[in-house]
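One is the number of the first residue; the rest follow in order along the sequence. Being a predicted model, the structure only gives us computed values, none of them experimental.
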Amino acid sequence: MIVHCRWKFAAIPGMVPERRRVAGKQKRGGQMASAEETRKKRKVDKDLHREVLLEATASVILKYGVSGTTISRIQEESGLSRGMINLHFQSKDNLIRELAVHMTQEYNDAWRSFTSQAPHSVSTPEDAAARLQALFATDFSEAVLNERSARLTFAFRAEPDLQALGTGYIETRGTDLHDHVRNCCKVLCDACGTQGDPEKVTMAIMSLLEGLWTDFHAHPDEFSREYAVEICRTTARAFFPGYF
């Protein structure tokens, strides 16, 4: 009986009254929830700061070019400190390279998203033609080709140092896009009996897309998106009659 009374009111060493155990669990649970919320908030803040710095860097490049982009100008544009830039990117050069990678990923996501509305495979010439048609419409859509994207793309291409990124960034040669067009051209060449290597036909189409982007960059006010798409269709029709 004495032991029972001590356990109930004073507690035997090593044993915790139920109310205290519950309160302890609630406190620990609250601490864990608070820690998780803090972790999530830090992740959101980190991602937000990265986005702000990337957008600020793009704005500075549009104003001053890549060579005229400085840490001070990025700080002024973003409202963030030099320490924040160093924390996320370590250096200005890394930040500029990361922007190039980010732009390339956005472009790739865009054409993949639009062409996903076409047939998923290129097993038939009709499917291949539909996917190329979707690509033409995508590449000259305002969401993909606009004054900002064109100016940034050509600003990056003018910088030899960015070649260290390797193929696939701020260019189209040797990319998934190039492979996609080549696969479509191979199926269509086989179906039409087109003379020539599918790779050469692919290069002709890719060069046409590049040239029309250059035309937009040089003459944005005179450029017609509909006319650009029709030029691509006319060219494809010459290679693959009956499908465009």
Side-chain angles (χ1 to χ4, degrees), residues 54 96-146 148-217 225 228-244:
L54 288 170
I96 291 175
R97 288 188 175 89
E98 186 62 29
L99 176 61
V101 172
H102 179 73
M103 286 176 55
T104 301
Q105 290 172 340
E106 283 190 334
Y107 177 75
N108 288 338
D109 289 344
W111 74 258
R112 288 189 180 112
S113 174
F114 277 80
T115 55
S116 68
Q117 301 171 26
H120 291 293
S121 67
V122 291
S123 56
T124 69
E126 289 79 11
D127 291 345
R131 291 186 72 82
L132 285 180
Q133 297 257 35
L135 174 61
F136 298 156
T138 301
D139 215 43
F140 302 111
S141 66
E142 190 169 359
V144 173
L145 177 60
N146 50 66
R148 179 182 183 277
S149 65
R151 288 177 60 195
L152 284 171
T153 296
F154 285 100
F156 278 122
R157 288 182 174 181
E159 293 297 320
D161 290 344
L162 289 173
Q163 293 175 3
L165 285 169
T167 59
Y169 296 104
I170 313 301
E171 63 169 299
T172 53
R173 183 174 299 200
T175 63
D176 289 345
L177 175 61
H178 186 105
D179 292 342
H180 175 72
V181 174
R182 181 174 53 211
N183 290 339
C184 292
C185 287
K186 184 178 187 309
V187 172
L188 286 162
C189 282
D190 291 344
C192 298
T194 302
Q195 297 296 319
D197 183 353
E199 178 62 31
K200 293 178 181 177
V201 178
T202 299
M203 286 300 297
I205 291 175
M206 297 298 292
S207 298
L208 178 60
L209 296 176
E210 294 274 5
L212 288 168
W213 266 60
T214 302
D215 186 58
F216 173 86
H217 181 53
R225 300 177 189 278
V229 171
E230 189 54 40
I231 289 173
C232 291
R233 287 175 179 161
T234 300
T235 302
R237 192 180 304 124
F239 285 118
F240 314 119
Y243 291 100
F244 291 87

Open item on the list: Let's go through C232 and F244 carefully: what are the C-alpha distance in whole Å and the side-chain angles of both, what is the deciding distance for side-chain contact (heavy atoms from CB on, under 4.5 Å) to 0.1 Å, and is it a yes or a no?
Closed with: CA-CA 10 Å; C232 291; F244 291 87; over 6 Å; no

TODO: Apply side-chain contact (heavy atoms from CB on, under 4.5 Å) to Y107 and S149, showing your working.
DONE: CA-CA 9 Å; Y107 177 75; S149 65; over 6 Å; no

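A salt bridge is defined here as a Lys NZ or Arg NE, NH1 or NH2 lying under 4.0 Å from an Asp or Glu carboxylate O, and K186 with D190 meets this definition. Salt bridge annotation for E230-R237: present, with a cationic side-chain nitrogen under 4.0 angstrom from a carboxylate oxygen. For E210 and R157, the salt-bridge test passes: some basic side-chain N is under 4.0 Å from an acidic carboxylate O.
S141 contributes a side-chain N or O that, together with a main-chain N or O of T138, makes up a donor-acceptor pair within less than 3.5 Å. With hydrogens and angles ignored, the 3.5 Å screen pairs no side-chain donor or acceptor of S113 with any backbone N or O of D109.
Evaluation of the salt bridge (Lys or Arg N to Asp or Glu O under 4.0 Å) rule for R182 yields D179, E199 as partners, not counting sequence neighbours.
Contact of the F136 side chain with the L212 side chain is not registered, since no non-hydrogen atoms from C-beta on lie closer than 4.5 Å. Proximity of V187 to T124: side-chain heavy atoms (C-beta onward) are nowhere separated by under 4.5 Å.
D139 and W213 share a donor-acceptor pair across their side chains, judged by distance under 3.5 Å alone. There is a side-chain donor-acceptor pair under 3.5 Å between E106 and H102.
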